[in-house]
Amino acid sequence: MPELPEVETIRLGLIPRILNQRLLGAHVRESRLRWPVPQDLNEKVQQHTLQGLARRGKYLLFDLGDGGLIIHLGMSGSLQLTPCEHPPGKHEHLDLLLENGQCLRFCDPRRFGAVLWCLEPQHHPLLAHLGIEPLAPEFDGQVIYRLSRGRSVPIKIFIMNARLIVGIGNIYANESLFLAGIDPRLPAGKLSRKQSHALAHAIQETLHRAIAAGGSSLRDFVNEHGQPGYFQQSYAVYGRAGKPCRVCGQPLCHITQGARSSFYCSGCQKRR
DNA sequence: AGAACCACCTGGCAGC
DNA sequence: TGCTGCCAGGTGGTTC
């Protein structure tokens, strides 16, 4: 599933290719996404110029000057630049038609994603309650320590809560906690200052590494060129239940937290 | 306010 | 080989 590094990779890849392009319209083939795609999307975007592409958490914000698009890739979404005449596949639900003859094609087999129009995307209700960006300079151990006081939820659930910290999905939550040497079951409020700093550092390190590697966390993820990413090959714990820890050799554990799989090493990751 | 749980969706895969 | 049924997972919403 596209996590923050994948979304950032897509954003960085698209910027030089679509910025300052005029939109000739939008072609919607399937409007039933997480929320319905606006019926009049074609009229909304027509003749607008793509002036910017920002990101908030995993939301991509396309600045069209007078309004903008909010796109979320959900769990299986991707965006590809492709010639307009290229026939769309089964799950390629909509095209944004560019003046250069290409289209930005939105594909999402599971339809958990979203394509919305908004006059002021930065102020959309969906973005209003989002927490701190883990890649922002002000994100550090002090922030984690302060946010986690008085909270009893397991630390893994805590770092995946987008109202507190945005963009950390299941895979990178598992990887970050391993790198920080923290047991995913540890109540957030029990985190020491030292652990908070280790965790902040581990989260940033994990995300930066994934972005540098081209960012991918799902077999069917493709970037804006249609190439698969390769970060999934270097997971330390995710999906490796029963296999030996790459650090200490102990078999890795698998538990369920908040209806999601957690993977950890009981030797390397401590509860205090 | 915080925590727990549910709904949405479909490709992929295990089991028969 | 083909069918059934379960799982994964981000996020907003509901319930406790």
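Per chain, numbering begins at 1; letters A, B, ... match sequence-line order.
Residue pairs satisfying the side chain to side chain donor-acceptor pair (under 3.5 Å) criterion with at least one member in residues 159-169 of chain A, sequence neighbours excluded, are absent. Among pairs with a residue in residues 143-156 of chain A, none fulfils salt bridge (Lys or Arg N to Asp or Glu O under 4.0 Å), at least two apart in sequence or across chains. Within the structure, every pair that satisfies the side chain to side chain donor-acceptor pair (under 3.5 Å) test and touches residues 32-44 of chain A, not counting sequence neighbours, is listed here: A:Glu30-A:Arg32, A:Asp40-A:Lys44. For the ring pair (Phe, Tyr, Trp, His ring centres under 6.0 Å) condition, the pairs that include at least one residue of residues 57-115 of chain A, sequence neighbours left out, are A:Tyr59-A:His72. Within the structure, the side chain to side chain donor-acceptor pair (under 3.5 Å) test picks out no pair touching residues 113-132 of chain A (sequence neighbours left out). Within the structure, ring pair (Phe, Tyr, Trp, His ring centres under 6.0 Å) pairs that include any residue of residues 243-268 of chain A comprise A:Tyr238-A:Phe263, A:His254-A:Phe263 (at least two apart or interchain).
For the pair A:Lys156 NZ and B:dA3 P, the computed distance is 16 Å after rounding to whole Å. One can place CG of A:Asp108 at 16 Å from P of B:dC8, the figure rounded to the nearest angstrom. Whole-Å rounding puts the A:Leu73 CG to B:dC9 C1' distance at 16 Å. Between A:Arg149 atom CZ and B:dG2 atom C1' the separation is 16 Å, expressed in whole Å. Rounded to whole Å, the distance from CZ on A:Arg151 to P on B:dA1 is 11 Å. Computed from coordinates, the A:Leu33 CG to B:dA7 P distance equals 21 Å when rounded to whole Å. When rounded to the nearest whole Å, the span between CE of A:Met75 and P of C:dA8 equals 10 Å. Atom pair A:Ile157:CD1 and C:dG10:C1' shows a separation of 13 Å (rounding to whole Å applied).
Of the side-chain N and O atoms in A:Lys90, none sit less than 4.0 angstrom from OP1 or OP2 of B:dT10. Proximity of A:Ser152 to the phosphate of B:dA3: a side-chain N or O atom is located under 4.0 Å from OP1 or OP2. OP1 or OP2 of B:dT10 has at least one side-chain nitrogen or oxygen of A:Arg111 nearer than 4.0 Å.
Annotation: salt bridge (charged side-chain N to carboxylate O under 4.0 Å, His left out) contacts of A:Arg260 (sequence neighbours excluded): none. In this structure A:Glu133 satisfies the salt bridge (charged side-chain N to carboxylate O under 4.0 Å, His left out) test together with A:Arg55, A:Arg56, sequence neighbours excluded.
Scanning all heavy atoms of the two residues, the minimum distance from A:Thr206 to A:Glu175 falls at CG2-CB, 3.9 Å. In this structure, A:Ile182 and A:Gln195 approach most closely via the heavy-atom pair CD1-O, 3.6 Å.
Using a 4.0 Å cut-off between charged nitrogen and carboxylate oxygen, A:Arg105 and A:Asp95 count as a salt-bridge pair.
An angle of 50°, rounded to 10°, separates the two end axes of the helix from B:dG2-C:dC16 to B:dC16-C:dG2, each defined over five pairs.
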Taking N or O atoms only and anything under 3.5 Å, show me the protein contacts with nucleotides 14-16 of chain C, one pair per line.
none

Enumerate all atom pairs, one protein N or O and one N or O from nucleotides 11-13 of chain C, separated by less than 3.5 Å.
unit_1: C:dT11; atom_1: OP1; unit_2: A:His72; atom_2: NE2; d: 2.5
unit_1: C:dT11; atom_1: O2; unit_2: A:Arg34; atom_2: NH1; d: 3.0
unit_1: C:dT11; atom_1: O2; unit_2: A:Arg34; atom_2: NH2; d: 3.0
unit_1: C:dT11; atom_1: O4; unit_2: A:Arg260; atom_2: NH2; d: 3.2
unit_1: C:dG12; atom_1: OP1; unit_2: A:Tyr59; atom_2: OH; d: 2.5
unit_1: C:dG12; atom_1: O4'; unit_2: A:Arg34; atom_2: NH2; d: 2.9

Produce the list of close N/O pairs, under 3.5 Å, pairing protein atoms with atoms of nucleotides 4-7 of chain C; give distances to one decimal.
none

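Taking the side chain as every heavy atom from C-beta outward, A:Asp63 and A:Pro121 never approach each other to under 4.5 Å. Counting heavy atoms from C-beta outward, A:Tyr172 and A:Ile159 have side chains that stay 4.5 Å or more apart.
With A:Leu60 as the fixed residue, the side chain to side chain contact (heavy atoms under 4.5 Å, CB included) test singles out one of A:Val115, A:Ile70, A:Val7, A:Leu69: A:Val7.
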